[in-house]
Amino acid sequence: MAQEPGAEPLVRRGEETSRGPTGLSDLATLKALAQPRRQRMLQHLTVHGPATSATLARALGLNTGATSYHLRELARYGFVEEVDRPAEAGGHGRERWWRAVPGDRRFPPRSRQSAEMRLVMDELNHHAYAADLELFEQMQMQMQMQVQAQRQLRTRGVDGEVGEADPWVDAFPYSRGSIRLTLPELRAFFEEYIALLNRYKRPDADTPPGARTVLTRFLAFPAPDAAPDAAPDAAPENRPAPHDRPGSEPS
């Protein structure tokens, strides 16, 4: 979720990507999207694919009445849609299956938002960022537990019972850096990022074995202005100079 330039990461691999950006400026639509439970449901549908209200209720610790209601509201505003039951799914044919509707959804710049819209956007972003960080840490912990379990088995001399290490255990790349840009350059930078994402989106038939959904996030913001009494080119004593050239800061 982001303000313009920004895109809502609800596109799964294999989905259509040819549609252009869609602006979201209707306050009722934004309020519908900002509801915390709906955010969690959308995240689950994005990560795990189509699901029923019962599946979402079990996964998120909600009741089916609540998930059914929130799915209807999300569908009303075009964020989810009903799909056919997947061939590999069990259950009965009366179940309703839902998917997150893909799209490049963009919010108005903050300077064009009303006071009420800013409050809604702040709530939406707060929950979205918190959920992203929670899921990132959860997946890191899950992978680390697998590594530790394998090490313990090897320590006990039961190599025959140790399976292959998960090749995705180190699949958590991230980068921190800074670059000096004009506002038009920042907009161009963002559009190039979206174009890069779209380059890697492909139909299921063209997706190689071993591929899995990877969540990507983009966040950029201007650095604070220097303090009025600070020398413009001098770094504070005993503190590293800021990283202000193109590149990344590996951690």
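Start at 1 with the first residue, then count along the sequence.
Minimum heavy-atom separation, T64 to T67: O-OG1, 3.1 Å. The nearest pair of heavy atoms linking M117 to S25 is CE-O, 3.1 Å. When every heavy atom of L186 is checked against every heavy atom of A220, the shortest pair comes out as CD1-CB, 4.5 Å.
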**Item:** Stepwise side chain to side chain contact (heavy atoms under 4.5 Å, CB included) test for Y193 and T216
**Value:** CA-CA 11 Å; Y193 166 77; T216 60; 3.6 Å; yes
**Item:** Intermediate values then yes/no, side chain to side chain contact (heavy atoms under 4.5 Å, CB included), T52 and W97
**Value:** CA-CA 5 Å; T52 66; W97 286 79; 3.4 Å; yes
**Request:** Go through the steps for L30 and L24 under the test side chain to side chain contact (heavy atoms under 4.5 Å, CB included), then give the verdict.
**Result:** CA-CA 7 Å; L30 294 175; L24 294 183; 4.1 Å; yes
**Item:** side chain to side chain contact (heavy atoms under 4.5 Å, CB included) evaluation trace for L42 with L74
**Value:** CA-CA 9 Å; L42 280 172; L74 288 169; 4.0 Å; yes
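Grouped by direct or indirect side-chain proximity (heavy atoms under 4.5 Å, Ile/Leu/Val/Met/Phe/Trp/Tyr only), M145 sits with M141.
Between the side chain of S68 and the backbone N or O of G65 there is no donor-acceptor pair closer than 3.5 Å. Panel note: side chain R217, backbone D132; no donor-acceptor pair is recorded below 3.5 Å. Proximity of a side-chain donor or acceptor of R118 to a complementary backbone N or O of Q113 within less than 3.5 Å is detected.
Between atom CZ of residue F79 and atom CE of residue M41 there is a gap of 13.0 Å, rounded to the nearest 0.5 Å. Remark: T207 OG1 to R212 CZ distance equals 14.5 Å, nearest 0.5 Å.
Both V169 and L215 belong to a single network of hydrophobic side chains, linked directly or stepwise wherever heavy atoms of I, L, V, M, F, W or Y lie under 4.5 Å apart.
In this structure, the side chains of L56 and L71 come closer than 4.5 Å at one or more pairs of heavy atoms. For the pair V120 and F107, the minimum side-chain heavy-atom distance is 4.5 Å or more. Looking at heavy atoms from C-beta onward, P208 lies in side-chain contact with R202 at the 4.5 angstrom threshold.
Between F189 and F218, the two ring planes are tilted [angle within 30° to 60°].
Tested against Q35 for a side chain to side chain contact (heavy atoms under 4.5 Å, CB included), the candidates Q39, R37, K31 yield a single pass: R37.
Salt-bridge annotation for E123 and R38: absent, with no side-chain N of the basic residue lying under 4.0 Å from a carboxylate O of the acidic one.
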